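Just so you know, these numbers come straight off a predicted model, no measurement behind them. In what follows, every chain begins at residue 1, and chains take the letters A, B, ... in the order their sequences are listed.
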Number of protein chains: 2
Amino acid sequence: MRKIRKFSAPEPSMRRLPTYLHVLTRLLRENRLYVSCTFIANELYLDPTQVRKDLALTGIVGKPRVGYSVQELIDKIKAFLGWDVQRDAILVGVGNLGTALLGYQRFRLYGLNIVTAFDKDPRRIDKTIFGVDVLSVEKLPNLILRKKIDIGIITVGEEAAQEVADLMVQGFIKGIWNFAPKTLIVPDDVIVENVQLSVSLGVLTSKMKLFETEKDTV
Amino acid sequence: MRKIRKFSAPEPSMRRLPTYLHVLTRLLRENRLYVSCTFIANELYLDPTQVRKDLALTGIVGKPRVGYSVQELIDKIKAFLGWDVQRDAILVGVGNLGTALLGYQRFRLYGLNIVTAFDKDPRRIDKTIFGVDVLSVEKLPNLILRKKIDIGIITVGEEAAQEVADLMVQGFIKGIWNFAPKTLIVPDDVIVENVQLSVSLGVLTSKMKLFETEKDTV
DNA sequence: CTCCAATAGAGAATTAATTCACGAATAATA
DNA sequence: TATTATTCGTGAATTAATTCTCTATTGGAG
Ligand SMILES: NC(=O)c1ccc[n+]([C@@H]2O[C@H](COP(=O)([O-])OP(=O)(O)OC[C@H]3O[C@@H](n4cnc5c(N)ncnc54)[C@H](O)[C@@H]3O)[C@@H](O)[C@H]2O)c1
Ligand SMILES: NC(=O)c1ccc[n+]([C@@H]2O[C@H](COP(=O)([O-])OP(=O)(O)OC[C@H]3O[C@@H](n4cnc5c(N)ncnc54)[C@H](O)[C@@H]3O)[C@@H](O)[C@H]2O)c1
């Protein structure tokens with residue numbers, strides 16, 4: 001196997017942390033000051049010890065019999081996820097999915113600041129969508145170098161994904177958030193995170209299938 | 001911990017299967033008849049043994065020195081994921097994300113057939129989007145019972161997600177694909193799969209952060 | 001003030017997932 | 001036809017993740 005790089009935190013834990021944040025922001029709205037692992041675990045159907053171990057990754061220290069400070073926990077999780085700093089991003093491919101992402105304001109809470117979008121379709125170029133300018137993809141190399149862009153979001157079709165990734169790499173992007181169902185080839189110092197909705201659909205339908213056959217055999 | 005139900009296949013494997021399918025459909029387009037684990041593993045930066053174990057879940061049998069039949073492998077994976085049967089689905093919340101999902105034709109390849117969409121906003125109701133009728137959410141309970149609907153897709157805001165889920169449950173839905181950042185409370189026989197894009201963004205940014213600090217300390 | 005119940009934290013035990021190691025099969029090649 | 005390199009399949013070994021167990025702390029009840 002060729003695991004590109006070894007990151008310190010277990011990935012299952014990293015995947016759970018954002019969901020804790022959801023519960024916590026709700027509690028903050030309800031003006032709760034403290035929360036226990038048990039409470040979070042019950043909300044999310046998880047094991048309290050698992051929650052505690054995950055939270056420990058962020059460096060938080062709790063009080064016995066009380067739990068953790070909700071506000072402090074939010075701050076610590078955000079810091080751990082790298083959501084305490086704003087990162088400038090560009091998005092390439094202003095189609096159905098790209099447009100939806102541009103309109104999703106919540107990403108700002110996670111430090112994601114989409115400064116410009118690109119497309120190659122003349123009908124989409126030189127418009128403004130949800131306050132973000134859409135430029136011709138030809139202007140990408142120039143802009144990405146001029147402004148300091150951390151993250152590139154790929155929402156073009158799979159056939160164009162690699163060429164878009166290449167442009168981003170040339171612009172010294174640090175991370176790529178890839179929604180196209182395509183394995184990208186990038187240098188070792190560029191971090192790629194693939195989002196594949198089909199994975200999630202597969203988990204759902206295969207569970208449904210297993211459940212159905214399970215019932216039949218009982 | 002309270003794990004609702006125990007499913008036979010390891011979830012990490014289930015999550016990898018759809019990505020294999022991607023490589024395989026490309027190979028099919030290129031008219032390749034056979035493929036080895038080694039090849040798939042190289043494409044996806046995985047370990048060949050891991051790929052072999054995953055594929056074994058589907059019941060496929062390979063030929064030494066040759067590999068697996070591409071077509072047969074595709075069929076077996078699809079069957080395992082429950083993508084060999086069409087499932088009727090409804091989508092509730094025709095906003096930015098809901099619209100994008102309605103326009104994504106590839107889901108049909110995975111057996112997902114979105115027959116009707118619902119919203120509560122009068123401006124969206126009684127229109128047709130990507131060939132799918134959008135009805136008032138009031139008509140949901142009636143329609144869901146009349147037609148046999150397997151899957152409910154939730155793309156409303158988090159504040160409305162639970163009430164929409166309740167409507168679906170009353171309509172005897174079997175599975176819910178939930179895009180709202182909210183833990184849904186449903187009976188044991190309804191399978192919920194949550195999609196949270198923030199999870200994926202968190203993995204990306206935390207890796208970027210760790211990578212940056214790693215470089216600093218070298 | 002004392003006891004009780006709830007909780008954090010840390011290490012051990014268990015379970016799950018991945019990786020390794022090796023034998024058997026087989027197509028290509030000499 | 002014999003040899004070789006490749007690959008599958010499987011059981012063992014290793015590593016990662018989860019769950020259990022126990023101790024210490026502390027706020028609140030009596
Ligand atoms: N829509 C969904 O719900 C959905 C779900 C899962 C995955 N995806 C994936 O997301 C990607 C986008 O999907 P979509 O439905 O938005 O597709 P889309 O066709 O609506 O949008 C693609 C956009 O990319 C632009 N584009 C194509 N090539 C380009 C290039 N070289 N440079 C710049 N722009 C380019 C097109 O002009 C178009 O505007 C696809 O890879 C798809 O597989 C989409
Ligand atoms: N847009 C994205 O990129 C994105 C990303 C991640 C998560 N999400 C999540 O997906 C969900 C939808 O996001 P969006 O950006 O499409 O929001 P949106 O506001 O564009 O769309 C929500 C739609 O749901 C409808 N709606 C609200 N309450 C309803 C009800 N009770 N019954 C029927 N319809 C109802 C609204 O009329 C609207 O059309 C949200 O929960 C959001 O957190 C969206």
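In the helix from C:dC1-D:dG30 to C:dA30-D:dT1, the terminal helix axes, each the rotation mapping four pairs' C1' atoms onto the next four within five end pairs, subtend 0°, rounded to 10°.
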B/S/- along nucleotides 25-30 of chain C (protein heavy atoms under 4.0 Å) is BBB---
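Side-chain atoms of B:Thr155 come within 3.5 Å of backbone atoms of B:Gly93 as a donor-acceptor pair (strictly under, hydrogens ignored). Here the side chain of A:Lys209 pairs a donor or acceptor atom with the backbone of B:Ala79 at under 3.5 angstrom. Between the side chain of A:Thr183 and the backbone N or O of B:Leu44 there is no donor-acceptor pair closer than 3.5 Å. With A:Thr38 contributing its side chain and A:Pro48 its backbone, the two residues share no donor-acceptor pair below 3.5 Å. Panel note: side chain B:Gln162, backbone B:Ile185; a donor-acceptor pair is recorded below 3.5 Å.
Scanning both residues, B:Ser198 and A:Trp83, for their nearest heavy atoms gives O-CZ2, 3.5 Å. Here the shortest heavy-atom pairing between A:Asp47 and A:Ala41 reads C-CB, 3.9 Å.
Atom NZ in B:Lys53 sits roughly 11 Å away from atom C1' in C:dA21 (whole-Å rounding). For the pair B:Asp47 CG and C:dA17 P, the computed distance is 16 Å after rounding to whole Å. D:dC8 atom C1' lies 13 Å from atom CD1 of B:Ile40, rounded to whole Å. The separation between B:Arg15 atom CZ and C:dA17 atom C1' is 15 Å, rounded to whole Å. Atom CG in A:Leu55 sits roughly 17 Å away from atom P in D:dA17 (whole-Å rounding). With rounding to whole Å, A:Phe39 atom CZ is found 16 Å from C:dA6 atom P. Remark: C1' of C:dA16 and CD of A:Glu11 are 16 Å apart, rounded to the nearest angstrom. Nucleotide C:dT15 holds its P atom 16 Å from the CD atom of A:Gln50, rounded to whole Å.
Residue A:Arg52 has its side chain nearest to C:dA8 when only C:dT18, C:dA21, C:dA8 are considered. The side chain of A:Val61 lies closest to C:dG9 when the candidates are D:dC20, D:dG9, C:dG9. Taking only side-chain atoms of A:Cys37, from C-beta outward, the nucleotide of D:dG9, C:dT19, C:dA8 with the closest atom is C:dA8.
Side-chain contact check for B:Asn113 and B:Arg108: at least one donor-acceptor pair (N or O, by modelled atom type) lies under 3.5 Å.
Mapping B:Ala56 and A:Asp54 onto DNA chain D via the closest heavy atom, the residue that lands nearer the 5' end is B:Ala56.
Pairs of residues two or more places apart, or lying in two chains, that qualify as salt bridge (Lys or Arg N to Asp or Glu O under 4.0 Å) and include a residue from residues 26-36 of chain B are B:Arg26-B:Glu30, B:Arg26-B:Glu43.
Within 4.0 Å of B:Ser36, counting heavy atoms only, lie sugar-phosphate atoms of the nucleic acid but no base atom.
Taking side-chain N and O atoms only, A:Tyr68 has a distance below 4.0 Å to OP1 or OP2 of C:dG9.
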